[in-house]
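Read the numbers this way: they start at 1 and go in the same order the structure lists the ligands and their atoms.
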Amino acid sequence: MLTFADLQLNKQLLDAVQEAGYEVPTPIQAKAIPPILNGQNLIGIAQTGTGKTAAYLLPCLMRLKYAQGMQPRAIILAPTRELALQIGTQIQKLGKYTDLRSYVAIGGKSTKHQLTDLQKGVDILVSTPQRFLDIYLEEGVLTKQIQILLLDEADRMMDMGFMPQIRRILEVIPHKKRQNLLFSATMPPKVLKLSEEFLEFPTVVEVSPQATVARTVKQVRYEVPNLKTKINLLEHILELHDCTKVLVFVRTRASAAHISKYLNRKLIEESLMLHANKDQNARLNALMSFSEDKIRILVATDVAARGLDIPDVSHVINFDVPIQYEDYVHRNGRTGRAGATGTAITFYNEAELLHIERIEALIAEKIPLEDIPDGIRIEETPYEERQEQLRTLDTQRKKADPTFQGAFHEKKNAHLVQKGKKPTKNGTRAPKKFDTKASKKRG
Ligand code: AMP
């Protein structure tokens with residue numbers, strides 16, 4: 001079996017790896033470390049949880065060897081502050097027996113202190129794209145010495161709209177003799193395009209096929225008619241004995257707040273929220289409490305879906321179906337890590353079914369459907385919510401078939417016709433109920 005020593009790492013790194021408890025290289029480490037050590041440009045396709053951070057950090061630390069000069073020689077860009085901090089922690093851990101200096105510069109703090117800190121000298125700078133540019137524009141870093149530029153979670157950066165910043169950064173960092181590395185969980189076309197602009201003759205290493213959910217994650221889906229029933233089902237799952245650490249994913253910040261508040265009230269158990277509207281400290285506190293098992297439930301938007309390394313998550317609950325389909329893979333990747341098993345449960349209503357089908361196409365497998373367990377209250381869909389679902393279904397149908405007139409529109413006016421009234425142009429009045437399902441208790 002391949003060992004870290006076989007990968008030609010030096011003693012300082014081997015000692016740190018041993019201390020970190022890594023026994024053998026993970027597949028991405030075995031594949032990525034040799035070419036990076038050789039100075040090649042590289043694209044690494046690997047999900048978080050595969051050990052991809054150490055896969056690029058170890059050879060980078062090895063190439064930089066020891067502290068030198070005042071200006072950074074390696075720049076690592078990450079999409080979120082949390083991920084940047086996590087990379088910083090890993091550098092501390094793996095670079096423990098080297099004298100390499102690393103610094104994490106992220107938003108949420110003033111650049112003033114960061115500029116002062118950077119004057120002390122740094123070898124590896126970890127940053128988010130915008131903050132790196134801010135610092136660069138304030139002349140906090142010179143880019144002449146940069147030998148390695150790494151983009152981590154490139155797909156996420158693209159999704160978050162960082163392309164203009166990345167382009168600008170590529171312009172200001174000298175090309176000559178620079179080693180470029182790009183890591184991404186998936187390779188959607190926009191990342192491929194970026195890689196073409198940014199990497200010459202890259203070596204491509206991939207550990208799991210694109211967009212697959214780890215085999216250690218058991219996937220389940222439930223068709224749930226409405227929000228209230230989703231909450232009932234969520235409550236039921238949270239009471240299961242093996243539900244020890246739960247990440248609940250929602251689409252919007254508003255639903256995160258709504259669900260978290262509801263759970264806090266109902267379960268007399270604290271759950272915390274993680275979303276982009278929270279300030280940096282609140283986000284980190286929520287993450288720390290969850291990581292350290294002080295709270296069992298974290299409700300999060302997709303900000304938290306990628307890159308975060310939280311151990312022992314037993315269940316991922318997709319309270320809403322993600323619209324960015326790759327997020328399904330990333331969300332579920334928060335459980336079943338490092339060989340542990342996990343469960344990923346997805347709730348969807350009729351209007352979300354289309355997304356389920358598309359996700360199944362993306363991951364090239366069927367997500368097993370289960371019946372809502374007995375004893376769970378199936379609530380009646382409130383009028384407004386059903387209207388919204390029907391509107392969404394209509395839009396989906398129209399997209400699929402441009403000649404489709406819109407059943408929602410027709411239905412909305414149907415009752416007016418029955419009553420002998422002239423339908424309004426845009427159907428301002430609608431029938432009272434579309435939903436035929438009565439509120440009932442199953443089982
Ligand atoms: P990552 O994919 O970089 O987010 O890493 C996921 C987790 O795996 C982190 O907690 C790492 O510390 C850990 N890890 C990385 N490499 C190894 C290894 N070779 N053996 C065991 N754990 C590892």
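Atom numbering of ligand 1 starts at 1 in the shown order; those under 4.0 Å from a heavy atom of Lys52 are 1 (P), 2 (O), 3 (O). Counting the atoms of ligand 1 from 1 in the order shown, those under 4.0 Å from a heavy atom of Thr53 are 1 (P), 3 (O), 4 (O). For ligand 1, the atoms sitting less than 4.0 Å from at least one non-hydrogen atom of Phe4 are 19 (N), numbered in the order shown with element in parentheses. Counting the atoms of ligand 1 from 1 in the order shown, those under 4.0 Å from a heavy atom of Thr26 are 17 (C), 18 (C), 19 (N). Atoms of ligand 1 lying under 4.0 Å from at least one heavy atom of Thr48, given by number and element, are 2 (O). Of all atoms in ligand 1, numbered sequentially from 1 with element shown, those under 4.0 Å from a heavy atom of Lys93 are 12 (O).
Considering both main-chain and side-chain atoms, Gln29 comes within under 3.5 Å of ligand 1 through a nitrogen or oxygen pair. Here's the thing with Gly51: one of its N/O atoms is less than 3.5 angstrom from an N/O atom of ligand 1.
The local environment of CD in Glu200 is sparse, with at most 12 non-hydrogen atoms from other residues, nucleotides or ligands closer than 6.0 Å. Counting heavy-atom neighbours within 6.0 Å of Glu292 CD, excluding the residue itself, gives a total above 12. Residue Glu197 places its CD atom among more than 12 non-hydrogen atoms of other residues, nucleotides or ligands, all under 6.0 Å distant. The number of heavy-atom neighbours closer than 6.0 Å to CD of Glu138, taken from other residues, nucleotides and ligands shown, is above 12.
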Quick one: do Gln219 and Glu365 satisfy side chain to side chain donor-acceptor pair (under 3.5 Å)? Show the steps, please. CA-CA 10 Å; Gln219 301 175 68; Glu365 66 179 304; 3.2 Å; yes

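Formation of a donor-acceptor pair under 3.5 Å by the Thr335 side chain with backbone atoms of Val313 is found in this model.
In the candidate list Pro27, Ala20, Pro25, Gly49, Gly49 is nearest to atom 1 (P) of ligand 1, counting heavy atoms.
Within the structure, ligand 1 has Val24 among the residues with a heavy atom less than 4.0 angstrom away. Residue contact check for ligand 1: Gln86 places no non-hydrogen atom closer than 4.0 Å to it.
Figure legend: cation-pi geometry between Lys230 and Phe319, with NZ or CZ positioned under 6.0 Å from the six-membered ring centre and within 45° of its axis.
Checked against Gln40 for a side chain to side chain contact (heavy atoms under 4.5 Å, CB included), the options Pro35, Pro34, Pro202 give a single hit: Pro35.
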